[in-house]
Amino acid sequence: MSIERGHAHGIPDVQTTFNGRLGYACLNTVLRNKKPASEAVFCSRTCRINSIKKNGIDWVKNLGRKNAQDLMEIIEWNERNNIRFMRISSDMFPFASHETYGYSLTYCAPLLAQVGDLAKKYGHRLTVHPGQFTQLGSLREGVVRSSIRELEYHCEMLDLMGIGPDGVMVIHGGGVYGDKKATLERIRKTIRDDLPKNVRNRLVLENDEVSYTAADLLPLCADLDVPLVFDYHHDTLNPSRGLTPAEITEQANAIFRRRGIKPKQHYSEPREGAISIMERRAHSNRCQSLPAGLPDDMDLMIEAKDKEQAVLQLYRIYNLHRDP
DNA sequence: GGAAGTCAAGTCTTA
DNA sequence: TAAGACTTGACTTCC
């Protein structure tokens, strides 16, 4: 990426050659905060297990239906605002992967197909990021089983939407259990031997801020042809030895490309004034800049508390995707 | 309508 | 040992 800064007419003028999509995660602050609250639009309606027991499985499934309907409204909003990339909330279908209370998403197939069609019509990329409970390297078999179920649930959702290879599922390496090398081997084995093909095809690994650096994951990723999502913020907190962000993204994007998937990476900034490690891990409300050395042709997920507003602010700063 | 307490799941770090 | 961080607060109860 090349950046030019000037101050013509006293207005900061920052330009970039970046031409990928900027996206945001899970929640649209404008639609979520609509008043009255009954008009709020969001995809993370959920419940408690007690409520499932009380109200029954169809009631939970109806929450998922509402979430999916609202996702279409969010996509429409994004299109009106020139945003064409977002992460779908893992809460779309509450408890769908639960061992006891789980359920198939086929009841919602027509609606999910509609969502996928809308996304395709607008060239809108949809991805997912299963949670921290997804531990493919756990020493406990039950945890690995639950993790695979969680991946299968996300994959079923994307498959029913008819979303292509760009609809990736991003997870972290997870815990190290006191032996990173042995855990990486377990992760490798689980990916290679235990994941259904459609799940493995969407799987992507991401460096995190405490355990696995990009350098830790790249050999495994290259070997198994599993792309790597590079998170710039995590890398500053937990740096990859011997590799610059530019070198990492080059290698990571090469795996994406040979898999026929558009590269995507993550970007966020720490809160202003954050000093301690805990503070620095937290995401800021907005981002002040795009990362240095950003390749032009990839998508970038902006992880910031202000969600779509952070994306729109970057549009303004860099003069991106402005209407003519 | 708002406040407080609670909620499926895992792991690690810091206070 | 408890709290807080992570991809994301939302639900439930009580006032």
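Chain naming here is simple, since letters A, B, ... match the order of the sequence lines and numbering starts at 1 in each.
Residue-level contact check: A:H266 touches neither bases nor backbone, having no heavy atom under 4.0 Å from any strand. Residue A:G174 is out of contact with every strand shown, counting any heavy-atom pair closer than 4.0 Å. A:V176 comes within 4.0 angstrom of the backbone, heavy atoms only, and of no base. Counting any heavy atom pair closer than 4.0 Å across all strands shown, A:K35 reaches no nucleic acid atom.
Atom CG in A:L71 sits roughly 14 Å away from atom C1' in C:dT8 (whole-Å rounding). Atom CG of A:D208 is separated from atom C1' of C:dA5 by 11 Å (rounded to the nearest Å). Across the protein-nucleic acid pair, A:L63 atom CG and C:dA10 atom P stand 13 Å apart, rounded to whole Å. Straight-line distance from the CD1 atom of A:I302 to the C1' atom of C:dT8: 17 Å, rounded to whole Å. Rounded to an integer number of Å, the gap from NE2 of A:H129 to C1' of C:dC6 is 8 Å.
Scanning residues 93-107 of chain A for heavy-atom distances under 4.0 Å to DNA chain B yields A:F95, A:S97, A:H98. Sorted by residue number, the members of residues 41-49 of chain A with any non-hydrogen atom under 4.0 Å from DNA chain B read A:R48, A:I49. Near DNA chain B, defined here as any heavy-atom distance below 4.0 Å, the residues from residues 135-167 of chain A are A:Q135, A:S138, A:R140, A:V143, A:E150, listed numerically.
Ion pair A:R145/A:E141 flagged as a salt bridge, since at least one NZ, NE, NH1 or NH2 atom sits closer than 4.0 Å to an Asp/Glu carboxylate oxygen. A salt bridge links A:R258 and A:D225; the closest N-O separation between the charged side-chain nitrogens and carboxylate oxygens is under 4.0 Å. One finds no salt bridge joining A:K189 and A:D194 here, because no Lys/Arg side-chain nitrogen approaches an Asp/Glu carboxylate oxygen to under 4.0 Å. The residues A:E152 and A:R149 are annotated as not salt-bridged, no charged nitrogen and carboxylate oxygen being separated by less than 4.0 angstrom.
Annotation: cation-pi pair A:R316/A:Y318 absent, no NZ/CZ under 6.0 Å from the ring centroid and within 45° of its normal.
In this pair, A:Y101 and A:H98 present their aromatic rings tilted. The plane angle is within the 30 to 60° band.
The side-chain contact (heavy atoms from CB on, under 4.5 Å) check on A:D117 picks up A:K120, with sequence neighbours excluded. For the salt bridge (Lys or Arg N to Asp or Glu O under 4.0 Å) test, residues two or more places apart in sequence or in another chain that qualify with A:E209 are A:R281.
Atom CD of A:E250 has 12 or fewer neighbouring heavy atoms from other residues, nucleotides or ligands inside a 6.0 Å radius.
Residue pairs meeting the ring pair (Phe, Tyr, Trp, His ring centres under 6.0 Å) criterion with at least one member in residues 163-210 of chain A, sequence neighbours excluded, are A:H129-A:H172, A:H172-A:H234. Here salt bridge (charged side-chain N to carboxylate O under 4.0 Å, His left out) pairs that include residues 167-178 of chain A, with residues two or more places apart or in two chains, number zero. Pairs engaging residues 192-226 of chain A under the ring pair (Phe, Tyr, Trp, His ring centres under 6.0 Å) rule: none recorded [sequence neighbours left out].
Cluster membership check: A:W59 shares its hydrophobic cluster with A:I57, using side-chain heavy-atom separations under 4.5 Å among Ile, Leu, Val, Met, Phe, Trp and Tyr.
Put simply, chain A comes within 4.0 Å of DNA chain B, heavy atom to any atom, from B:dT6 to B:dT14, going 5' to 3'.
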Map every base of DNA chain C to its dot-bracket character, where paired means a Watson-Crick or G-U wobble contact with both distances under 3.5 Å and | marks a partner outside the strand. ||||||..|||||||
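Counting Ile, Leu, Val, Met, Phe, Trp and Tyr side chains that sit under 4.5 Å apart, directly or through other members, A:V229 shares a hydrophobic cluster with A:V168, A:V170, A:V204, A:F256, A:I261. Clustering of Ile, Leu, Val, Met, Phe, Trp and Tyr side chains at separations under 4.5 Å places A:M301 together with A:F85.
A donor-acceptor pair shorter than 3.5 Å can be found between the side chains of A:N198 and A:D159.
C:dA2 and B:dT6: their P atoms are spaced 15 Å apart (whole Å). Here, B:dC7 and C:dA3 have their P atoms 14 Å apart, quoted to the whole Å. Straight-line distance between the P atoms of B:dG5 and C:dG4: roughly 13 Å, to the nearest whole Å.
Side chain of A:T106 to backbone of A:A109: no donor-acceptor contact under 3.5 angstrom is found.
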